[in-house]
Structures are given as C-alpha cells and as structure tokens.
Amino acid sequence: MRQEIELATPYAFFAAKDDGFEPLPFAASSWSPKMVNGPAICGLLARALEQQHCATGFTPARLTVDLFRPTLRKPVTVVTELVRDGRRIRVADAALMQDGEDVARASAVFLKRSAQPPGELWTRAESPQPPLVPIADGPTTPMWNSDGSADGWSSRISEHQNNGRKRMWQAPLSVVEGEHPSAFAAAAMIGESTSLMTNWGTAGIGFINADLTLALARPVIGLEIGVEADSHISADGIAVGSATLFDRSGSFGTCVVTALSNADRQVDFANGDPLRRAGIR
C-alpha cells in the first residue's frame, strides 16, 4: 500500500513533462549548480520503482542507487523493469537517462507484509531523539544536531561543523511538482543525507557519495524524518558511512553509502551555506 506524506507547501525537485522530467531550482547540487543533487535523483528513482512495481500487500524494503555519472540540470527520463515477480518478493530495476545514456541506476526489493515471528531479539537500546518541536518553516528548513554542539538542535548548519556525531531532521520536498511524496520516496530523499551526516567534519565535506543503499523495516510515520550517523570509515580517499533513519515513533530503517574524495571542491559551511546558495534551503 502506497503511503503518501502531506505537504503544506508544493516545493519540488522536478516538473513532469511529456518526454520526462525537468529539474527545478531545488534540484541544484551544492557541489555545482549545473548538477542535480543526490536527494532528487534518489527520490525520482524510488518514485518510479514504487509506482510501477509495488503490488498490493507489498512494502518497499530496500533501495540501492548507483550514482556513477554526474546528472546535469537538464531533462531526464526513467526506465524501469520488473526482474522478479514472486509471491513474497518482488524485485525491480530502474535507469535514469540523459541524452540516451544512463547516468544513474537503482534496484528495489518489495516484500510481502506478514505476522512477526515469535521470540525476542537484540536491537539497538536507544533510538535517536528528534527535536521537541515540529519544523515550522516547511521542508526546506532542516534542523541540525551534533555531539560537538552544546546547544542541541538548531537551524544553522554552520554551528555543527565539528568532529562530533551528526543528526539531521527534515520534512521532504515533493519529487514531482504537484504530487505529495510517498513515504518510500521521502525516505530515499532524506536518507541520502547519510553521506552528509557521516562525511562532514571540521573542514566541511570532502567526500561525494557514489551510491546509497536504504533498508526499511516499515514506512515512515508522519511528515518529518531524521538521520543519525552511526559510523564513518575512510582510507585512501574512499569512505563508507552508515546511519539510522527515525521518525517520532522511533527508528524505521538504515542507510549505507560509499563515497570518493572530492577535496578540490570541498563544501565548507563555515564560509556560508552552499545549500542556500544552490536553492536547497
């Protein structure tokens, strides 16, 4: 069952056209204003896979996105294919294309919902804690938190450029103008911030993510989604980061990203907010 998230303001990454999708200003990347950002790409691929291949009684459980070419701010198309149509497992692939060439690809696993098995299992003892108050200014105003900040959650990203553990709390934009994002697309878009949360240090962000794998035990509940870094491991310009996704009802999934050093284009939040300059905030 497709669960939609209601938005008060119709912010969006793409406009639907007869021959595909046109990136809107919110799709601009903080790495380059000529590129489409990761959340927009992940959201568009998740939307296509869910709309075309998530059957009744199934739920999106895993999304993997490979970001192997720059996606430019010009029209894109999405092509999908059903790979496995099973009684309890469905698998589908998607390609994001520009000028007849694949620039990103994704695969999704949809699982049949059923009763929980008996017994007790180990799980993380403490779930990440969201801000006490709801986001007041809409989906383009994230909240930030870090272990290195004594003041807790705030809306100023520059206050959290440190070597402490990072958290983000945000409501999603629409993937396509005029549509409410599904819970799956929302998790894909905000889950992509795992790269930001795990690769952000005292000098800003010097890694650009090459992929994303999102694993969901249940759909997000409500409008807002949080991402809390769990680990960062890096060597020789290659990084691996993992994070927990949570809402006001608790943790609901995890995300893992790999990333490459991009130090020549270091994003330094101490010198201003590149997300605002790119139209993301």
Side-chain angles (χ1 to χ4, degrees), residues 1-7 10 12-16 20-21 38-67 71 76-97 102-117 139 170-194 211-225 227 243-247 249-257:
M1 179 178 65
R2 186 173 184 272
Q3 289 188 264
E4 291 186 341
I5 292 180
E6 296 291 327
L7 291 182
F13 285 127
F14 296 95
F21 303 91
I41 296 168
C42 293
L44 190 61
L45 288 165
R47 171 188 178 273
L49 286 163
E50 181 182 27
Q51 288 188 354
Q52 298 177 30
H53 301 295
C54 188
T56 301
F58 284 75
T59 190
R62 195 267 292 157
L63 174 73
T64 295
V65 178
D66 295 319
L67 304 165
T71 300
V76 298
T77 58
V78 182
V79 178
T80 71
E81 177 186 8
L82 184 63
V83 176
R84 163 70 175 170
D85 186 8
R87 186 175 61 88
R88 302 184 67 194
I89 301 176
R90 291 172 64 89
V91 180
D93 291 344
L96 186 71
M97 303 182 70
D102 291 0
V103 293
R105 65 185 179 189
S107 65
V109 173
F110 304 99
L111 300 180
K112 186 83 169 182
R113 293 187 295 273
S114 62
Q116 283 281 91
Q170 188 178 8
L173 280 75
S174 293
V175 181
V176 175
E177 189 176 24
E179 296 181 3
H180 296 298
S182 72
F184 182 44
M189 290 185 287
I190 295 180
E192 197 272 348
S193 297
T194 295
D211 63 15
L212 166 148
T213 296
L214 181 73
L216 304 173
R218 62 165 175 83
V220 59
I221 298 172
L223 176 66
E224 299 158 301
I225 298 174
V227 180
T244 295
L245 274 64
F246 60 102
D247 55 25
S249 296
S251 302
F252 64 88
T254 63
C255 190
V256 177
V257 298

Which heavy atom in [X] sits nearest to a heavy atom in [Y], and how many Å separate them?
X    : Y    : answer
A40  : F14  : O-CE1, 3.4 Å
P181 : L173 : CG-O, 3.7 Å
Q51  : E179 : NE2-OE1, 4.0 Å
C42  : L63  : O-CD2, 4.3 Å
L212 : E192 : CD1-CA, 3.4 Å
P172 : L223 : CD-O, 3.1 Å

Look up atom [atom1] in [X] and atom [atom2] in [Y], then write down how far apart they are to the nearest 0.5 Å.
X    : Y    : atom1 : atom2 : value
I190 : E224 : CD1   : CD    : 9.0 Å
T71  : I41  : OG1   : CD1   : 3.5 Å
L44  : F21  : CG    : CZ    : 5.0 Å
L214 : T64  : CG    : OG1   : 8.5 Å
R218 : T59  : CZ    : OG1   : 10.5 Å

Do [X] and [Y] make a side-chain contact, defined as non-hydrogen atoms from C-beta onward lying under 4.5 Å apart?
X    : Y    : value
L245 : C255 : yes
V65  : D211 : no
V175 : M189 : yes

Backbone N/O of [Y] and side chain of [X]: donor-acceptor pair under 3.5 Å:
X    : Y    : value
D102 : A104 : no
S174 : E177 : no
D247 : I221 : yes

Under the side-chain contact (heavy atoms from CB on, under 4.5 Å) criterion, do I225 and F246 qualify, and how do the steps go?
CA-CA 6 Å; I225 298 174; F246 60 102; over 6 Å; no

Listed partners of D85 passing side chain to side chain donor-acceptor pair (under 3.5 Å), at least two apart
R90

Show the numbers, then the answer: is there a side-chain contact (heavy atoms from CB on, under 4.5 Å) between R113 and F58?
CA-CA 6 Å; R113 293 187 295 273; F58 284 75; 5.7 Å; no

Are R62 and S107 close enough that a side-chain donor and a side-chain acceptor fall under 3.5 Å?
yes

With no hydrogens and no angle check, just 3.5 Å: does a side-chain donor-acceptor pair link S251 and T244?
no

Check this for me: L82, atom CG, are more than 12 non-hydrogen atoms of other residues, nucleotides or ligands nearer than 6.0 Å?
yes

From V79, L45, D66, L96, residue fulfilling side chain to side chain contact (heavy atoms under 4.5 Å, CB included) relative to R105
D66

My understanding is that only one of P219, C54, S182 makes a side chain to side chain contact (heavy atoms under 4.5 Å, CB included) with P60; could you say which?
C54

What I want to find out is whether D93 reaches R84 closely enough, with some N-O distance under 4.0 Å, to be called a salt bridge.
no

